[in-house]
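Down below is the structure, laid out as structure tokens.
Just so you know, ligand 1 is whichever comes first in the structure, and atom 1 is the first atom listed for that ligand. None of the values given here were measured: they were computed from a predicted structure.
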Amino acid sequence: MTSKLKPLIGPSILNADLSRLYEESQKLLDNGADYLHLDVMDGHFVPNLTFGHPVVKCLRSKIHNAFFETHMMVANPLQWIIPMAEAGVNQYTFHIEPISNVEEVCRKIKENGMKAGIAIKPGTSVTEIAKYISISDMVLIMTVEPGFGGQKFMEDQMQKVRWLREHYPLLDIEVDGGVGPSTIESCAAAGANMIVSGTAVIGAQDQAATIKLLRDTVQRAINK
Ligand SMILES: O=C(CO)[C@@H](O)[C@H](O)COP(=O)(O)O
Ligand SMILES: [Fe+2]
């Protein structure tokens, strides 16, 4: 069967040495990353703080061509759309849990030239997000509680990925949290094609081989 689905690997730099953000990011791209997954946390939606649009803008000034996804773990996603667009973000992925204006947020993201990704935490039902698929470009199923890198992969979230893939054969479905060589088979078999991997890629002896392994595993599942 031919398919337009592509395996895409987007390392998360959350657990990298952030004093060397540019070097770490460029290294990931040189080692085959398809995009960069930038975790933005506001200390409200999640109990942690990372960085915001000023840092993303600095990174963009040094890395011109790579696709930047910001994973917005923030209480008010509407607030950061214009600053992130101006910083050079390509895809703005936000959580639906804290808001009631998902349509407005998706519309504004697109008006500002970015793709709109919608995300859910492990406790949120997949039917909650399904109603917004037609107005978004990608769905992110979190496989850990958002807030920190290096947590254990939640296998029980794969039922959401399977359900989405069954109902939306060509949807870009991303998984994020605890994904690496030991859990990629499960993600790929369930139907995820966009793979965020932080600790497993950053800490790998051979980053390029790890990224390739993740991509090849997803490609094999797509080809089945
Ligand atoms: O959004 C998050 C955490 O909230 C993720 O992007 C993680 O930071 C990925 O890191 P690992 O779980 O792969 O270490
Ligand atoms: Fe993330």
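By the criterion of a heavy-atom distance under 4.0 Å, the side chain of Asp176, and not its backbone, is placed next to ligand 1.
Residue Ala200 places every heavy atom at 4.0 Å or more from ligand 1.
Of all non-hydrogen atoms in Lys121 and Glu145, the two that sit nearest each other are CD-OE1, 4.1 Å. The two residues Gly177 and Thr143 have their closest heavy-atom pair at O-OG1, 2.7 Å.
Side-chain contact between Asn31 and Val201 is absent, with no heavy-atom pair separated by less than 4.5 Å. For the pair Leu28/Ile202, a side-chain contact is recorded, criterion being any heavy-atom separation below 4.5 Å from C-beta on.
Taking distance alone, with nitrogen or oxygen atoms compared against 3.5 Å, Ser197 stays at or beyond that limit from ligand 1. Close N/O approach between Gly150 and ligand 1 is found [any backbone or side-chain N/O within under 3.5 Å]. An N or O contact shorter than 3.5 Å links Asp39 to ligand 1 by distance.
In this model, a donor atom of one side chain and an acceptor atom of the other lie less than 3.5 Å apart for Glu69 and Thr93. Residues Arg107 and Asn101 have side chains that never bring a donor and an acceptor to within less than 3.5 angstrom of each other.
Under the 4.5 Å side-chain heavy-atom criterion for ILVMFWY residues, a single connected hydrophobic cluster contains both Val55 and Ile81.
Regarding atom 4 (O) of ligand 1, its nearest protein heavy-atom neighbour is Gly147 N, 2.8 Å. Scanning all protein heavy atoms for the shortest distance to atom 3 (C) of ligand 1 gives Phe148 O, 3.4 Å. Taking atom 8 (O) of ligand 1 as the reference point, the nearest protein heavy-atom neighbour is Leu14 CD2, 2.9 Å. The shortest contact between atom 14 (O) of ligand 1 and any protein heavy atom is with Thr199 OG1, 2.4 Å.
Within 6.0 Å of NZ on Lys110 lie more than 12 heavy atoms contributed by other residues, nucleotides or ligands.
Close contacts between ligand 1 and Pro146 involve ligand atoms 4 (O) [criterion: under 4.0 Å to a heavy atom]. The distance from ligand 1 to the heavy atoms of His37 drops below 4.0 Å at these ligand atoms: 6 (O). Close contacts between ligand 1 and Gly177 involve ligand atoms 12 (O) [criterion: under 4.0 Å to a heavy atom]. When each atom of ligand 1 is checked for a heavy atom of Gly149 under 4.0 Å away, the hits are 8 (O), 10 (O), 14 (O). Here is the list of ligand 1 atoms found below 4.0 Å of a heavy atom in His71: 1 (O).
Every side chain to side chain donor-acceptor pair (under 3.5 Å) that Thr199 has, sequence neighbours left out, goes to Asn15. Applying the side-chain contact (heavy atoms from CB on, under 4.5 Å) test to Glu185 and every residue at least two apart in sequence or in another chain returns Thr217, Arg220.
With distances taken over non-hydrogen atoms, the option nearest atom 12 (O) of ligand 1 out of Pro11, Gly198, Ser12, Gly178 is Gly178.
Each ring-ring contact (aromatic ring centres under 6.0 Å, His included) pair with one or both residues in residues 130-160, not counting sequence neighbours, would appear here, but there are none.
Protein N/O/S atoms found under 2.8 Å from the Fe ion (ligand 2), listed by chain and residue number: His37 NE2, Asp39 OD1, His71 ND1, Asp176 OD2.
Remark: Arg215 engages Asp34 in a salt bridge, criterion side-chain N to carboxylate O under 4.0 Å.
Atoms CD and CD, on Gln159 and Gln157 in that order, are 7.0 Å from each other to the nearest 0.5 Å.
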